[in-house]
Amino acid sequence: QVTLVESGGGLVQAGGSLRLSCIASGRTFGMSAMGWFRQAPGKEREFVAGITRNVLTRYYADSVKGRFTISRDNARNTVYLQMNNLKPEDTAVYYCGTVFSKITSDFPVTVAREGTYDYWGQGTQVTVSS
């Protein structure tokens, strides 16, 4: 069993920045890709960013490309999401997820698919005011 705990959410004005963290604990040996998704009120959960274990490949949704940066520290079992130039439409609950099987096929397609992930955190609220 793996537990993921997100933190770093909050209220920020448009144009501001936040850094989300997600710490994994439990049976973390063998964790592969990690990713961030978000869900706004009344909308489906959507992909934000994903990263491979070796950090060589990162993939972003078009809506956040150039503003958000995903990174990870394998020694700390932690994945981060640096969010800059935040917009009101970024308001959502942000979730991190982890994958235990190696992604061997099309990484951008696979990491953006919700069903790829084995474990999820409880989420952290990000609210961007205009």
Side-chain angles (χ1 to χ4, degrees):
Q1 187 70 18
V2 174
T3 300
L4 301 174
V5 179
E6 301 96 337
S7 63
L11 174 63
V12 64
Q13 287 188 330
S17 298
L18 284 173
R19 188 194 195 205
L20 306 184
S21 300
C22 172
I23 301 175
S25 62
R27 303 185 72 173
T28 60
F29 181 80
M31 278 200 312
S32 176
M34 298 188 78
W36 288 94
F37 282 66
R38 67 187 181 186
Q39 187 166 19
K43 295 186 177 181
E44 294 186 351
R45 190 177 296 192
E46 65 175 4
F47 171 74
V48 175
I51 186 169
T52 53
R53 177 172 179 80
N54 61 14
V55 196
L56 293 180
T57 303
R58 311 173 200 224
Y59 182 63
Y60 299 91
D62 288 342
S63 59
V64 306
K65 205 171 293 183
R67 300 186 298 122
F68 291 11
T69 301
I70 188 171
S71 61
R72 68 188 288 175
D73 183 338
N74 290 328
R76 292 181 168 82
N77 291 320
T78 302
V79 63
Y80 304 96
L81 187 68
Q82 177 67 44
M83 306 185 296
N84 298 328
N85 190 22
L86 282 160
K87 303 176 180 180
E89 51 263 42
D90 295 318
T91 294
V93 177
Y94 284 70
Y95 300 89
C96 71
T98 186
V99 182
F100 272 77
S101 56
K102 184 177 180 180
I103 297 177
T104 56
S105 57
D106 191 343
F107 182 78
V109 171
T110 306
V111 79
R113 188 182 302 137
E114 196 173 343
T116 298
Y117 294 79
D118 299 298
Y119 295 95
W120 293 95
Q122 292 300 305
T124 184
Q125 175 71 47
V126 171
T127 303
V128 184
S129 63
S130 57

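Everything numeric in this text was worked out from a predicted model, so none of it was measured.
Although no hydrogens or angles enter the test, the distance criterion places no donor-acceptor pair under 3.5 Å between the side chain of Gln1 and the main chain of Gly26. Thr28 contributes no side-chain N or O that, together with a main-chain N or O of Ser25, makes up a donor-acceptor pair within less than 3.5 Å.
Contact check for Ser63 versus Arg38: side-chain heavy atoms found under the 4.5 Å cut-off. Ser71 places none of its side-chain heavy atoms less than 4.5 Å from the side chain of Asp73. Using a 4.5 Å heavy-atom cutoff, the side chains of Lys87 and Arg67 are in contact.
The heavy-atom pair separating Gln82 from Ser17 by the smallest distance is NE2-CB, 4.0 Å. Residues Ser130 and Ala14 approach most closely at CA-CB, 4.4 Å, considering heavy atoms. Residues Thr57 and Phe107 approach most closely at CG2-CD2, 3.5 Å, considering heavy atoms. Residue Arg45 comes nearest to Glu114 through the heavy atom pair CD-OE2, 3.5 Å, listed as atom of the first residue, atom of the second, then distance.
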Fill in: Pair Leu11-Gln125, side-chain contact (heavy atoms from CB on, under 4.5 Å): steps then yes or no
CA-CA 8 Å; Leu11 174 63; Gln125 175 71 47; over 6 Å; no
Practice prompt. Apply side-chain contact (heavy atoms from CB on, under 4.5 Å) to the pair Tyr95 and Thr124, showing each step before the final yes or no.
Written response: CA-CA 7 Å; Tyr95 300 89; Thr124 184; over 6 Å; no
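Taking Ile, Leu, Val, Met, Phe, Trp and Tyr as hydrophobic and joining them when side-chain heavy atoms fall under 4.5 Å apart, one finds Leu20 in a cluster with Val2, Leu4, Val12, Leu18, Met31, Met34, Trp36, Val48, Ile51, Val55, Tyr60, Val64, Phe68, Ile70, Val79, Leu81, Met83, Leu86, Tyr94, Phe100, Tyr119, Val126, Val128.
More than 12 heavy atoms of other residues, nucleotides or ligands lie within 6.0 Å of NZ in Lys65, so this atom counts as buried by the packing criterion.
The CG atom of Asp118 sits 7.0 Å away from the OG1 atom of Thr98 when rounded to the nearest 0.5 Å. Taken to the nearest 0.5 Å, the OG1 atom of Thr3 stands 15.5 Å off from the CH2 atom of Trp120. Annotation: the span from Asn74 atom CG to Asn54 atom CG amounts to 8.5 Å, rounded to 0.5 Å.
Arg19 is linked by a salt bridge (Lys or Arg N to Asp or Glu O under 4.0 Å) to nothing, counting only residues two or more places apart in sequence or in another chain.
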